[in-house]
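Scroll down for the structure; my scribbles are underneath it.
Computation of the quantities below employed the complete heavy-atom set of this structure, encompassing side-chain atoms and omitting hydrogens, waters and symmetry-equivalent molecules.
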Amino acid sequence: MTLETLLPKLEFAHGMEDAVRGEISRSPERIRRLAAEAYRGEDFDFHLCGSEPLTRLAVITCLLTEKYDAYREKGTPGDVIIETFKDVSLRAGLYREKTGEAGLSKDDVIWFRHIMNINIFKLGTLQFQPFEMIYLDEETLGEPYMSFTREQKERIPAGSPVINCHIQRGTDLDAGMTARSLEEAGRFFKECVPANPFRAFLCYSWLLYPPMVTHLPPDSRIRQFAERFTVIGCCADSGQAFENLFDGRKELPAGGTSLQKMALEHPEWLGFACGVIELL
């Protein structure tokens, strides 16, 4: 797919598409050179991380034109590819809201390694990633974090094929949309990887943390989403929760939500959890 064809499909926020075009047109040879070495490096210290924010966005957008064909070779429908790629415009929009600039953060560049590896798919309202079961406990990390029962680790052994679920910022967790998304993912991966049946959907997220979930009203979309999963481990690490709720700040913004208010009044209700939906 050409850049001219792809750019409008990404649906960048106002002015962002022009900023990307301008950055590429200023020095197309430089952008091509950066794209060729963008993901070289070790321990997530990719070359592209050292570029300016707008340059990062321009290079990633150019790389999407190559990755479109790679996704198609895996049998991925065109509409699924575009929905997957729109994560770039989503994160670019969030970056501009936070900084006032067009671009991407270093963390965004690191996250987009999944697209570069053809290893993440937007199916309905959720993102899905073929994955191997991992238990974030002392045995894996070398220090206490979460704990899991022996029975659980025998039920889905570490390394088992699972489908990792990701929730984008601002995702609509309507119960019906979530159900359709999970159903679509189940069909998609069964067709794409029939020889390697997945054992479960896996989700590591602050949205599943039981002390918070139990204090949400029954009609809460977050609660309804969380209750689809069987929580098998959790800890009081509230970093992801505060980052998502306040962009790292710990103060109530103007027009704050009831969940933000609850978080500030009861920070002990926030944490991080691991949940599964078994498929076999």
Check whether any side-chain heavy atom of [X] lies under 4.5 Å from a side-chain heavy atom of [Y], and answer yes or no.
X: L208; Y: V213; value: no
X: D107; Y: F112; value: no
X: E73; Y: I118; value: no
X: L245; Y: L264; value: no
X: I222; Y: M212; value: yes
X: H166; Y: F128; value: no
X: I31; Y: T55; value: yes

Exercise for review: Using the six-membered ring of F85, assess whether NZ or CZ of K67 lies under 6.0 Å from its centre and within 45 degrees of the ring axis.
Suggested key: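 Here K67 fails the 6.0 Å and 45° test against F85.
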
Check your understanding: On the ring face of Y39, is R113 found with NZ or CZ under 6.0 Å from the centre and within 45° of the axis?
Key ->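 Geometry flag: not set, cation outside 6.0 Å or 45°.
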
Any donor-acceptor N or O pair under 3.5 Å, side chains [X], [Y]:
X: S181; Y: T178; value: no
X: W206; Y: D237; value: no
X: T84; Y: Q127; value: no

Exercise for review: State which residue, out of R96, R91, K98, fulfils the salt bridge (Lys or Arg N to Asp or Glu O under 4.0 Å) condition with D108.
Suggested key: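 Only one option passes, and that is R91.
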
Flag yes if more than 12 heavy atoms outside [X] fall under 6.0 Å of its [atom1] atom; otherwise flag no.
X: K9; atom1: NZ; value: no
X: E52; atom1: CD; value: no
X: R169; atom1: CZ; value: yes
X: K106; atom1: NZ; value: no
X: E278; atom1: CD; value: yes

Practice item. For the pair F272 and Y204, name the ring-plane relationship: parallel under 30°, tilted 30 to 60°, perpendicular over 60°. Key: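 Taking Y204 first and then F272, their aromatic rings lie parallel (interplane angle under 30°).
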
Exercise for review: Check the angle between the aromatic planes of W269 and H266 and answer parallel, tilted or perpendicular using the 30° and 60° thresholds.
Suggested key: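 Parallel, since the angle between the ring planes stays under 30°.
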
Does a side-chain N-to-carboxylate-O contact under 4.0 Å join [X] and [Y]?
X: R199; Y: E132; answer: no
X: E83; Y: K86; answer: yes
X: K261; Y: E265; answer: no
X: E29; Y: R33; answer: no

**Study point:** Single-linkage hydrophobic cluster Y209~M146, side-chain heavy atoms < 4.5 angstrom
**Key:**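 The answer is no; the residues belong to distinct hydrophobic clusters.
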
Practice item. Consider only side-chain heavy atoms of I, L, V, M, F, W and Y, link residues closer than 4.5 Å, and tell whether F189 and V162 are in one cluster. Key: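 The answer is no; the residues belong to distinct hydrophobic clusters.
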
Find the distance between [atom1] ([X]) and [atom2] ([Y]) and round it off to the nearest 0.5 Å.
X: T257; Y: L252; atom1: OG1; atom2: CG; value: 7.5 Å
X: L216; Y: S258; atom1: CG; atom2: OG; value: 8.0 Å
X: Y68; Y: I81; atom1: OH; atom2: CD1; value: 4.5 Å

Review point. Between F229 and F201, does the ring centroid distance fall short of 6.0 Å?
Key: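 No: the rings miss the under 6.0 Å criterion.
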
Review point. What are the two closest heavy atoms between M133 and V276, and how far apart are they?
Key: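 Taking every non-hydrogen atom into account, CE-CG1, 4.3 Å.
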
Exercise for review: Determine yes or no for a side-chain-to-main-chain donor-acceptor pair under 3.5 angstrom, with R40 supplying the side chain and H47 the backbone.
Suggested key: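 Pair absent, no side-chain N/O of R40 close to backbone of H47.
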
Exercise for review: Could you tell me whether a side-chain N or O of T65 sits under 3.5 Å from a main-chain N or O of L3, the two making a donor and an acceptor?
Suggested key: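 Not at all, since once roles are kept as given, no pair shorter than 3.5 Å links the two residues.
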
